[in-house]
There are 2 protein chains.
Amino acid sequence: MLAAAVRLFNTHGYDATSMFDIAESLGITKSALYHHVSGKEQLLTMAVDRALGGLEEAAAEVRATAAPAAARLEDLIRRSVLVLAGRLEFVTLLLRVHGNTEAELHALARRREFDRSVTDLVREAQSEGGVRADVDPAVAARLLFGMVNSLVEWYRPDRGAPETIAAMVTTLAFDGLRTR
Amino acid sequence: MLAAAVRLFNTHGYDATSMFDIAESLGITKSALYHHVSGKEQLLTMAVDRALGGLEEAAAEVRATAAPAAARLEDLIRRSVLVLAGRLEFVTLLLRVHGNTEAELHALARRREFDRSVTDLVREAQSEGGVRADVDPAVAARLLFGMVNSLVEWYRPDRGAPETIAAMVTTLAFDGLRTR
DNA sequence: TTATTTACCAACCGCACGGTCAGTATTTCA
DNA sequence: TGAAATACTGACCGTGCGGTTGGTAAATAA
């Protein structure tokens, strides 16, 4: 049910998807839908929770390791790509949320907290000498996750295994495109 | 007027912005608004046109130069960042379009054409030996522009001059984060 | 001055949406 | 068997939306 709703939200947009559309795609009536969920916003909340949960779990696991910061950053990027690929539809919805309601603002706050932890990791890696110091850590973090997050716009299983994509992302992030 | 509409579309979402909201933000009535534009969709069309126009112009200018493909790719990335920074609100709207109407589908087609030209450029650079050959050109193109397009989510003039950001993007894209 | 175009307004229309409600099948379990 | 909980239905409600209409005020130009 959540899956059906999220699929429609992603295809036609959250606002453009009516509760009737969701019910119809499940072969039930709108009233039956309201018997199971409190409203449209709850579906959104459940979906972005699943996305944020995966990302936060990845960050926590990485924080628990004792490797150098640069290696932890690489690991976080890798794990994030795997979360994105595994929970693609939920993360897609999360990344399109823009803070119109209370619930969306809360999701946005959690996203910002995640972003902040990435920035911190970049800064730490710079001070350890593992990452070049001539880039602003906040900008670098945002560009890095701009790359990762772009998966929601184009990734499909037939374009490569998640691990393959993750390897490409970390290669590009740490070594760049130039031949050497 | 277009600027006011686009600002509201980006803040609250296209669907969530009513023609009344736009009129109110301009201090006129809804009817006055309809005197100048044919409808809500025309505002969208005009906005995405301005975004796509900038990107296509950049691609054409780059195509007209005779440099190696790798240098042309770097130049296209640089120019694209400048277009994004300069027309931020219009590109933001463009990147959120998802093909619900005829006009949006047309915009999406133009975007895909641009993406294809980037992929071609990556492939050409690989065959010239200017870019590492162990990455899929389509994936690399998408990751590169994932990085560039992320600007619409975070860029503001006080976070750095467009040229500074552009330099960071091309550095990250070609040389990566690792110290050497 | 007068005719014409341009800019604007208030009131209105039809429609689709999120959500409710009163009631009815169906399942569960003592 | 029968009571209680669960799953579901169709009709309905209020609201806000995109867009229209018939008309008025102001600018423009002959």
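In what follows, chains are A, B, ... by sequence order, proteins preceding strands, each numbered from 1.
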Would you indicate, yes or no, if [N] has its OP1 or OP2 atom less than 4.0 angstrom from a side-chain nitrogen or oxygen of [X]?
{"X": "B/Ser31", "N": "C/dC9", "value": "no"}
{"X": "B/His35", "N": "C/dA7", "value": "yes"}
{"X": "A/His36", "N": "D/dC8", "value": "yes"}

Mind checking whether A/Arg96 and A/Tyr14 have side chains closer than 4.5 Å, heavy atoms only? no
Among [options], which nucleotide sits nearest the side chain of [X]?
{"X": "B/Lys40", "options": "C/dA10, C/dG18, D/dG18", "result": "D/dG18"}
{"X": "B/Ser18", "options": "C/dC9, C/dC21, D/dC17", "result": "D/dC17"}
{"X": "A/Ile28", "options": "D/dT9, C/dC9, D/dG18", "result": "D/dT9"}
{"X": "B/Tyr34", "options": "C/dC8, D/dA7, D/dG19", "result": "D/dG19"}

Could you tell me the separation between the [atom1] atom of [X] and the [atom2] atom of [N], rounded to a whole number of Å?
{"X": "B/Met19", "N": "C/dC12", "atom1": "CE", "atom2": "P", "result": "21 Å"}
{"X": "B/Asp15", "N": "D/dG18", "atom1": "CG", "atom2": "P", "result": "9 Å"}
{"X": "B/Gln42", "N": "D/dG18", "atom1": "CD", "atom2": "C1'", "result": "14 Å"}
{"X": "A/Leu26", "N": "D/dT9", "atom1": "CG", "atom2": "C1'", "result": "16 Å"}
{"X": "A/Glu24", "N": "D/dT9", "atom1": "CD", "atom2": "C1'", "result": "16 Å"}
{"X": "B/Glu41", "N": "D/dC17", "atom1": "CD", "atom2": "P", "result": "18 Å"}
{"X": "A/Phe9", "N": "C/dC17", "atom1": "CZ", "atom2": "P", "result": "13 Å"}
{"X": "A/Met1", "N": "D/dC8", "atom1": "CE", "atom2": "C1'", "result": "13 Å"}

Note: for B/Gly27 and B/Lys30 on DNA chain C, the residue whose nearest nucleotide lies more 5' is B/Gly27
Using modelled atom types and a 3.5 Å cut-off, is there a donor and acceptor pairing between side-chain atoms of B/Lys40 and backbone atoms of B/Thr17? yes
Given B/Asp120 and B/Ser117, is the side-chain hydrogen bond (donor to acceptor under 3.5 Å, both in side chains) satisfied, shown in steps? CA-CA 5 Å; B/Asp120 289 348; B/Ser117 80; over 6 Å; no
So with a 6.0 Å cut-off around NE2 of A/His106, is the heavy-atom count from everything else above 12? no
At under 4.0 Å between heavy atoms, what does B/Thr17 touch on the DNA or RNA strands: base, sugar-phosphate, or nothing? sugar-phosphate
Apply the side-chain contact (heavy atoms from CB on, under 4.5 Å) test between A/Glu89 and each candidate in A/Thr11, A/Leu2, A/Leu94, A/Val6; give the one that qualifies. A/Val6
